[in-house]
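Below is one structure; the comments refer to it alone.
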Number of protein chains: 2
Amino acid sequence: MNETVPRPTLEAVAARAGVSRATVSRVVNGSDGVREPLAERVRQAVEELGYVPNQAARSLVTKRHDAVAVVVAEPETRVFADPFFARQLRGISKELTAHDNQLVLLLTEDRDDHARVGRYLAGGHVDGALVISLHIDDPLPGLIQRAGVPTVFGGRPDFNGGVVYVDSDNRGGARDAVRHLLGLGRSRVAHITGALDQTSAVDRLDGFRDVMTDADPRLVVEGDFTPAGGERAMRELLDRRPDLDAVFAGNDLMAAGALRVLRERGRRVPDDVAVVGFDDMLPIAEQTEPPLTTVRQDIEGMGRLMARLLLRDLDRTGVPDEAVGGGPSSVVLPTTLIHRASA
Amino acid sequence: MNETVPRPTLEAVAARAGVSRATVSRVVNGSDGVREPLAERVRQAVEELGYVPNQAARSLVTKRHDAVAVVVAEPETRVFADPFFARQLRGISKELTAHDNQLVLLLTEDRDDHARVGRYLAGGHVDGALVISLHIDDPLPGLIQRAGVPTVFGGRPDFNGGVVYVDSDNRGGARDAVRHLLGLGRSRVAHITGALDQTSAVDRLDGFRDVMTDADPRLVVEGDFTPAGGERAMRELLDRRPDLDAVFAGNDLMAAGALRVLRERGRRVPDDVAVVGFDDMLPIAEQTEPPLTTVRQDIEGMGRLMARLLLRDLDRTGVPDEAVGGGPSSVVLPTTLIHRASA
DNA sequence: TTGAAAGCGCTAACAA
DNA sequence: TTGTTAGCGCTTTCAA
């Protein structure tokens, strides 16, 4: 099972084709300036020998790796249950693949992993980093900054400073959701927040408060983005304010949990209680009972955009940021309210 | 945002510590044979300069990368909805991390990606590969074999040949599930299979048939491992054989879908129809209504074991397999029936 | 125990 | 257009 056959080198190809290493290198890298008959001979030699360039040697001189680290800063087990992560990853992967970049996945389980990640990024294995699912007060951004690696964050970080991030308009989306509920004639609108150590949850809560300026504090319960958390929160809300007539949940998973509790308690949705979620996570949002009205955000698109911004930045090799207008800037993507049966 | 500061090299550290490059290299790599005072001086220089070894240069000479590719051969969107993937990945990541190996993730979206993956593996970027979620007739194993990269598969491949894999005892687990249903006095036991282009689904079906040797073919419907597929299959089963009194679903997600349909059709679980799943995917299996009796497999453990087998193989550098007993061999992990309320 | 020197496989000036 | 040559930063004999 061990690899034993030594791979052919540029040298070997050159010898076989009867040219110099430089010529082979040119052909292999698609730079022009090699006359066709020669190029063809080289290609044939490459083919015959099954030559594949040694990436380490190439990186050593080019200082490029065509690889990007994706750091998933999720110390909780949420990453298991929440398809959000997989979807964003898929978007990132697609975009990186389309530009021939490799994805090096760095999963950080706990704080100990941070040092390892910092070391890895500082080690110059990758050209850049994408950080998703960052939590408030996470030391990761500091480490990354110190490592000096170009980075794009998924979701607004909890500090300011010239970092680039891609996020959805969480606050605006939340406002839309709540306004929709008010438009339905509801007045006692509750909110189940996400985990408040993430800015997305904080921003959605802020959006809720923007509209419900004088909401009873008992109408807001902190959840954790999981279905179980949604159930727990819903129970608490019903206990505190049995007269509530609408719920805005911080994501669809929690909304699904809330729907279960409402059914269990005999409340009809949307007649007694209208429910709006966030994400439009399919197929979940379509399959709840009743199907969920929710705020759509394009999770895969966010992933793709993150990768695109990073790659664009990486391509401007050597050109100082000032010369091209300050580098890439953060993007906040719009959300859309999707009307289904729950509100 | 672009990296501009050149990293310090071994040379720089050597100069600062007043020693040769060789000595620095020895200290950095923890090989003994450097006297303490000198070693200390080197360590200090490393610290002051913030030196981190250049992995490309190191790989060029050692031919090691301390990186492993994880190939997810999932062309469907199932990877989004099914936590199976994330869980196995987490196990792999933990084990690799514990041994200071990096995880390079290769997501293959469609057949076109195969060539890319083959090229990557052949390119000698990684020391080995882990392949999960392989489908029957997938050309990937062939490509990988040609690339000559040590590989461990997650799940039994659909061909024989000296490949190493880690799998659960799908067939045995299925038998346990069906026998449990029979033990409950059920006789008209149906089976919702997984996607039959994966050996895990085939093996579970075989296990079902081992016990239900003369089952009505109408009691078997092909599903696809998704909740929606479970619903569809359950509807079809009820239409075909309204008198069925038990269902063994190929995984918990489908079981959850089946439970929804049973409730919708007014069948009580387990009174009218007993249901058993597969995976013990938490929290799903615990939160269905009623909680799911299911066959547990240790998904994360499988991931960890795959990584361990690969790394063990990798460590035997240069030693021919014959000398150490034929290399690692495949492992089939036992399953456990978990009793909850659904059967 | 330490250092000098060769060379891993490649790219990129520079020359021809 | 093609070839020659000098490294990229590191490990690893081999000598001292």
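Residue numbers start from 1 in every chain, and the chains themselves are labelled A, B, ... in the order their sequence lines are given, proteins ahead of strands. Note that these values count all heavy atoms, side chains included, but never hydrogens, waters or copies made by symmetry. Computed from a predicted model, the values in this text were never measured in an experiment.
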* **Reported CG-to-CG distance for the pair A:Leu96 and A:Asp66, which is rounded to 0.5 angstrom** => 10.5 Å
* Presence of B:Lys63 side-chain N/O under 4.0 Å of C:dG9 phosphate oxygens OP1/OP2 -> yes
* Shortest non-hydrogen contact from B:Val70 toward B:Leu89 -> CG1-CD1, 3.9 Å
* **Spacing of A:His125 atom NE2 relative to D:dG9 atom C1', expressed in whole Å** => 13 Å
* Carboxylate-amine/guanidinium contact A:Glu300 A:Arg90, below 4.0 Å -> no
* Between B:Arg43 and B:Glu36, is the closest basic N to carboxylate O distance under 4.0 Å? -> yes
* To do: Please list, by residue number, the residues of residues 16-39 of chain A whose heavy atoms come closer than 4.0 Å to an atom of DNA chain D; answer none if no residue qualifies.
  => A:Val19, A:Ser20, A:Arg21, A:Ala22, A:Thr23, A:Arg26, A:Gly33, A:Val34, A:Arg35, A:Leu38
* **Length of the line joining A:Asn54:CG and C:dG9:C1', which is rounded to integer Å** => 6 Å
* For the helix from C:dT1-D:dA16 to C:dA16-D:dT1, figure out the bend between the end axes, five pairs an end, and round to 10 degrees. => 40°
* Asked: Is A:Asp315 salt-bridged to A:Arg312, going by a charged N under 4.0 Å from an acidic O?
  -> no
* **Interatomic distance where CZ belongs to B:Arg58 and P belongs to C:dG9 [whole Å]** => 18 Å
* CD of A:Gln145: more than 12 outside heavy atoms within 6.0 angstrom? -> no
* In Å and rounded to the nearest 0.5 Å, what is the CE to OG distance from B:Met306 to B:Ser330? -> 10.5 Å
* Structure fact -> B:His65 NE2 to D:dG9 P, in whole Å, measures 19 Å
* Structure fact -> In whole angstroms, the gap separating P of D:dC10 from CD of B:Glu11 amounts to 9 Å
* Structure fact -> With sequence neighbours left out, the residues meeting side chain to side chain contact (heavy atoms under 4.5 Å, CB included) with B:Arg41 are B:Val19, B:Leu38
* Mind calculating the distance between CZ (A:Arg41) and P (D:dT1) to the nearest angstrom? => 16 Å
